[in-house]
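Reviewing the structure listed below.
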Amino acid sequence: QVQLVESGGGLVQAGGSLRLSCAASGRTFSSYTMGWFRQAPGKEREFVAAISSRGIITDYADSVKGRFTISRGNAESTVYLQMNDLKPDDTAVYYCARPSRVGYFLRADEYDIWGRGTQVTVSS
């Protein structure tokens, strides 16, 4: 059974940076798209970024374009989210996720395997 474990969250001042990591168990990591999503208090879970299985295609939510970068290391079965110029509106629990089928997906309901999340808090 595949498990995803996020790390790297924390408290940072506005304008600061954090790098999130998501380590995946199992031997099929390189076959699947990986995504980052976030959920702020009182809000629905929203898409942040996705990266194709070989890292060739990436997509970002408009709110994070130019500030966040998704990448992956298939050799170490890890996906990363580099977050720069953080804003208070970026405060949320960040989740990494993987779909159960091969393909490229951007919607949360297309992802079946989720980590427990890591809290990111940006102070003003």
Side-chain angles (χ1 to χ4, degrees):
Q1 184 176 358
V2 175
Q3 291 186 321
L4 305 174
V5 180
E6 302 96 337
S7 61
L11 173 63
V12 64
Q13 289 188 332
S17 298
L18 283 173
R19 189 192 194 206
L20 306 185
S21 299
C22 171
S25 63
R27 293 181 287 182
T28 58
F29 178 80
S30 62
S31 298
Y32 295 93
T33 289
M34 294 296 295
W36 284 98
F37 296 81
R38 67 186 182 186
Q39 187 166 18
K43 295 187 177 181
E44 293 189 355
R45 190 170 297 188
E46 65 174 359
F47 169 77
V48 175
I51 186 166
S52 62
S53 60
R54 297 172 68 181
I56 296 172
I57 303 171
T58 58
D59 276 277
Y60 298 92
D62 287 343
S63 59
V64 307
K65 274 181 186 175
R67 301 187 297 122
F68 289 13
T69 302
I70 189 171
S71 61
R72 66 189 296 159
N74 284 346
E76 59 265 34
S77 298
T78 302
V79 61
Y80 306 96
L81 186 68
Q82 177 67 43
M83 307 186 295
N84 298 329
D85 190 22
L86 283 160
K87 306 176 186 301
D89 283 348
D90 294 320
T91 295
V93 177
Y94 283 72
Y95 300 89
C96 73
R98 202 208 82 174
S100 60
R101 53 198 173 104
V102 172
Y104 189 63
F105 308 103
L106 301 180
R107 298 200 322 262
D109 62 1
E110 295 174 311
Y111 287 74
D112 306 287
I113 303 169
W114 294 81
R116 291 190 173 185
T118 186
Q119 176 71 47
V120 171
T121 303
V122 184
S123 63
S124 56

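Values below: all heavy atoms of this structure, side chains included; hydrogens, waters and symmetry mates excluded. Because the structure is predicted, anything quoted here is derived from the model rather than measured.
Side-chain N or O atoms of Arg98 include none that pairs as donor or acceptor with a backbone N or O of Met34 at under 3.5 Å. Side-chain atoms of Asn84 never come within 3.5 Å of backbone atoms of Ser17 as a donor-acceptor pair (strictly under, hydrogens ignored). Between the side chain of Tyr60 and the backbone N or O of Ile70, at least one donor-acceptor pair lies under 3.5 Å. At least one donor-acceptor pair under 3.5 Å links the side chain of Arg72 to the backbone N or O of Phe29. Under a 3.5 Å cut-off, the side chain of Thr91 and the backbone N or O of Thr121 do not form any donor-acceptor pair. Between the side chain of Thr78 and the backbone N or O of Glu76, at least one donor-acceptor pair lies under 3.5 Å.
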**Study point:** Derivation of the side-chain contact (heavy atoms from CB on, under 4.5 Å) call for Val102 and Thr33
**Key:** CA-CA 7 Å; Val102 172; Thr33 289; over 6 Å; no

Exercise for review: Test Ser53 against Ser31 for side-chain contact (heavy atoms from CB on, under 4.5 Å), laying out the working first.
Suggested key: CA-CA 5 Å; Ser53 60; Ser31 298; 5.6 Å; no

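For Trp36 and Phe47, the gap between ring centers reaches or exceeds 6.0 Å.
Residues Leu106 and Ile57 fall within the same hydrophobic cluster, defined by Ile, Leu, Val, Met, Phe, Trp and Tyr side chains chained together at heavy-atom separations under 4.5 Å. Val64 and Val12 end up in the same hydrophobic cluster when Ile, Leu, Val, Met, Phe, Trp and Tyr side chains are linked at under 4.5 Å. Criterion: ILVMFWY side-chain heavy atoms under 4.5 Å apart, direct or through other members. Under it, Tyr94 and Ile113 are part of a common hydrophobic cluster. Under the 4.5 Å side-chain heavy-atom criterion for Ile, Leu, Val, Met, Phe, Trp and Tyr, Phe105 and Val2 are members of distinct hydrophobic clusters.
A heavy-atom distance below 4.5 Å is not found between the side chains of Val5 and Arg116. Two residues are said to be in side-chain contact when any heavy atoms from C-beta on lie closer than 4.5 Å; Pro99 and Glu110 fail this criterion.
Tyr32 does not carry Arg101 over the face of its six-membered ring by the limits of under 6.0 Å from the centre and within 45° of the normal. Both tests pass for Arg19 against the ring of Tyr80: distance under 6.0 Å to the centre and angle within 45° of the axis.
In this structure, the separation between OG on Ser7 and CG on Leu20 is 8.0 Å, given to the nearest 0.5 Å. Atom CG of Leu81 is separated from atom CG of Leu18 by 9.5 Å, given to the nearest 0.5 angstrom. In this structure, the separation between OG1 on Thr58 and NZ on Lys65 is 9.5 Å, given to the nearest 0.5 Å. Taking SG from Cys96 and CD1 from Ile51, the interatomic distance works out to 12.5 Å, rounded to the nearest 0.5 Å. Distance check: Gln119 CD to Glu6 CD gives 12.0 Å after rounding to the nearest 0.5 Å.
With respect to the salt-bridge test (charged N to carboxylate O, under 4.0 angstrom), the residues Arg38 and Glu46 qualify. Electrostatic pairing of Asp90 and Lys87 does not count as a salt bridge here, judged by no charged N lying under 4.0 Å from a carboxylate O.
With Tyr111 as the fixed residue, the ring pair (Phe, Tyr, Trp, His ring centres under 6.0 Å) test singles out one of Tyr104, Tyr95, Phe37: Phe37.
A pairwise comparison of heavy atoms in Gly26 and Ser77 identifies O-OG, 4.3 Å as the closest pair. Annotation for Ala14 and Pro88: closest pair CB-CD, 4.1 Å, computed over non-hydrogen atoms. Cys22 and Leu4 get closest at one heavy-atom pair: SG-CB, 3.9 Å.
Side-chain contact annotation: Ser30 with Asn74, donor-acceptor N/O pair under 3.5 Å absent.
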